[in-house]
S.K.: 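Handing you this structure, nothing more for now.
Indexing begins at 1, ligand by ligand and atom by atom, following the structure's order. In this text, all values refer to a predicted model and were calculated from it rather than measured experimentally.
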Amino acid sequence: MVLKINNTLGREKQEFKPIKSGVVSFYYCGPTVYSQQHIGNLRGAFCADSIRRSLEYLGFAVNFVSNYTDVGHLTSDGDEGEDKMEKGVKKEGLSPAEITSKYIKLYEQDTLKLNILPPTTRCLATDYIEPMKEMVGTLLEKGFAYTTDLAIYFDITKAKNYTELSGQNLEDLRIGAGAGEVSDKGKKNSSDFVLWFFKKGVHENALQTWDSPWGFGFPGWHIECSAMAKKHLGETIDIHMGGIEHIPTHHTNEIAQSESANGKKYVKYWLHNEHLSLAGEKMSKSLGNVVYVDDVVKKGFNPLALRFLFSQAHYRSKQNFTWEALKDSQRGYEGLLNSLSHLGKELGQVSEDFKNKFKEKLNDDFGLPQALALVFEVLKSDLSNEDKLATILDFDKVLGLDLGKNDQSNSELVVSELPEEFQELIKKRELARSEENWYRSDELRDQIQEQGYIIKDTQDGTKVFRK
Ligand code: AMP
Ligand code: ZN
């Protein structure tokens with residue numbers, strides 16, 4: 001069985017052969033941390049996590065590096081000119097370092113709730129200013145970069161094959177100098193990108209600046225990842241992953257810089273995840289159509305029901321978020337926990353047959369939804385309960401759904417944390433009981449049970465459990 005991956009570079013499914021047999025170097029473009037990450041960002045992190053878990057399941061040792069962009073002057077939506085950190089500092093009355101550590105902490109709490117594994121190495125851009133400057137120096141020396149009054153730019157016409165990843169037309173990218181992040185008369189091509197911003201012009205008041213041989217300023221976004229990836233994983237890495245919006249700019253620019261500076265291929269396999277949308281539009285900070293993990297929890301959902309929902313779409317497919325879909329997902333997830341609780345606690349043998357099928361799905365460009373579907377086939381199969389449990393818990397190494405903790409299905413639930421409509425049903429039933437309307441009260445009990453819950457009337461009031 002071989003692993004085949006859909007490589008954005010070349011746009012085809014290719015056999016995966018890491019540089020070093022059995023070991024995978026994997027770089028994931030992490031979040032910008034000047035504000036809270038929404039569940040769209042977290043879908044990206046989830047996709048990378050499930051691919052990393054799949055690789056480990058398939059027998060590879062994975063060196064998974066993920067960064068935090070803590071030089072907060074831009075978003076992945078591309079508006080480099082606006083200083084987000086300045087805005088954040090004004091709004092929150094905190095220093096840049098306080099802002100980034102606040103949002104890193106929040107992000108890490110959210111990833112924990114979604115069972116996203118911590119990276120093998122996590123790196124903050126601000127700790128890598130020296131290697132970034134080194135790379136900018138090399139690019140200037142080798143003639144790939146030039147300096148204007150406002151910034152140091154990479155000249156895209158000097159790159160070997162600038163449009164290789166995106167398939168764009170180079171001529172379209174050359175025309176119209178001065179467009180883009182800073183209106184700069186000295187810029188040669190519209191898509192030349194900044195390697196180093198000077199503390200001048202719109203960035204006169206930039207709050208995070210460093211000295212450099214070329215003057216005070218701060219690095220461009222793209223150079224951050226190139227420098228950190230090189231520092232931790234070397235000049236050529238196996239897998240580099242991020243959202244699809246990174247293809248034409250961020251990742252294209254990373255390739256141009258790294259390959260020009262190092263004289264070597266930068267990445268063997270490029271993986272890009274599709275977006276999470278809300279009402280058909282990409283969930284994004286700039287559009288404001290965002291949902292946070294906190295919202296999910298406040299509405300009484302288990303965050304792992306969100307992971308269960310994410311698992312139902314392939315990483316290269318768009319996924320539309322609705323509260324209705326999350327409700328269905330929670331029902332499905334609880335139903336699964338309930339089925340598992342009926343298997344007992346004894347572990348038997350992992351079924352080789354199902355394990356091979358599971359690997360087959362993962363080997364096909366990390367087919368997680370198909371792999372998840374096998375869990376239900378195992379449940380329906382004629383394996384013994386012990387073997388079913390062992391097999392499903394083995395799959396959970398990839399799924400990350402905490403399926404081993406199915407005893408939570410029997411613990412009492414906190415009513416105020418359950419979905420609002422559900423709390424309404426409980427209140428109505430309590431009212432019916434106080435009015436001694438037993439017919440109505442039983443009717444409401446049935447409705448509650450249909451939603452996957454059990455209620456018990458005790459001297460201390462109504463208690464709710466998962467079915
Ligand atoms: P940002 O903080 O905006 O730079 O985004 C951090 C990461 O989240 C990037 O890798 C983006 O590709 C990813 N991302 C942002 N919005 C979405 C979305 N709606 N769906 C999936 N991934 C997203
Ligand atoms: Zn990056």
S.K.: For the side chain of Asp238 and the backbone of Phe26, is there at least one donor-acceptor N/O pair under 3.5 Å apart?
M.R.: no
S.K.: Can you tell me if, anywhere in Cys225, an N/O/S atom lies at a distance from the Zn ion (ligand 2) that is smaller than 2.8 Å?
M.R.: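 Yes, since at least one N, O or S atom of Cys225 sits under 2.8 Å from the Zn ion (ligand 2).
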S.K.: Is the shortest N/O to N/O distance between Arg43 and ligand 1 below 3.5 Å?
M.R.: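 Checking ligand 1 against Arg43, no N or O pair falls under 3.5 Å apart.
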S.K.: What I want to find out is whether Glu56 reaches Arg52 closely enough, with some N-O distance under 4.0 Å, to be called a salt bridge.
M.R.: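 Salt bridge: yes.
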S.K.: Checking the side chain of Asn262 only, and the main-chain atoms of Lys264 only, is there a donor and an acceptor separated by less than 3.5 Å?
M.R.: no
S.K.: Looking only at N/O atoms, are Glu274 and ligand 1 under 3.5 Å apart anywhere?
M.R.: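 Among all N and O atoms of Glu274, none is under 3.5 Å from an N or O of ligand 1.
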S.K.: Is the closest heavy-atom distance from Pro31 to ligand 1 below 4.0 Å?
M.R.: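 Yes.
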S.K.: Before signing off on this row, confirm whether Met283 and ligand 1 have an N or O atom pair separated by under 3.5 Å.
M.R.: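 Between Met283 and ligand 1 (N or O atoms, distance only) the closest approach is under 3.5 Å.
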S.K.: Please determine if Lys188 forms a cation-pi arrangement with Tyr146, meaning its NZ or CZ atom is less than 6.0 Å from the six-membered ring centre and no more than 45° off the ring axis.
M.R.: yes
S.K.: Do the rings of Tyr28 and Phe64 sit parallel, tilted or perpendicular, given the 30° and 60° boundaries?
M.R.: parallel
S.K.: Just one of Gln370, Lys13, Lys359 clears the side chain to side chain contact (heavy atoms under 4.5 Å, CB included) bar with Asp364, so which one?
M.R.: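 Of all the options given, the one that passes is Lys13.
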S.K.: Distance under 4.0 Å to a non-hydrogen atom of Lys282: what atoms of ligand 1 satisfy this?
M.R.: 16 (N), 17 (C), 19 (N)
S.K.: Counting distance only, does the side-chain N/O of Glu259 pair as donor-acceptor with the main-chain N or O of Tyr266 below 3.5 Å?
M.R.: yes
S.K.: Does Glu360 form a salt bridge (Lys or Arg N to Asp or Glu O under 4.0 Å) with Lys357? I'd like the steps, not just the answer.
M.R.: CA-CA 5 Å; Glu360 222 171 80; Lys357 282 187 186 156; over 6 Å; no
S.K.: Provide the number and element of each atom of ligand 1 under 4.0 Å from a heavy atom of Gly40.
M.R.: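 Those of ligand 1 that fall under 4.0 Å from Gly40 are 17 (C), 18 (C), 19 (N), 20 (N), 21 (C), 22 (N), 23 (C).
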S.K.: What angle sits at the Zn ion (ligand 2) between SG of Cys29 and NE2 of His250, to 10°?
M.R.: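 Angle NE2(His250)-the Zn ion (ligand 2)-SG(Cys29): 120°, rounded to 10°.
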S.K.: Looking only at distances, please establish whether an N/O atom of ligand 1 is found under 3.5 Å from an N/O atom of Glu245.
M.R.: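 Yes, at least one N or O pair falls under 3.5 Å.
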S.K.: Can you find an N or O of Ser284 that's nearer than 3.5 Å to an N or O of ligand 1?
M.R.: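 No, no N or O pair falls under 3.5 Å.
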S.K.: Give the atom numbers and elements of ligand 1 that come within less than 4.0 Å of a heavy atom of Gly243.
M.R.: 10 (O), 12 (O)
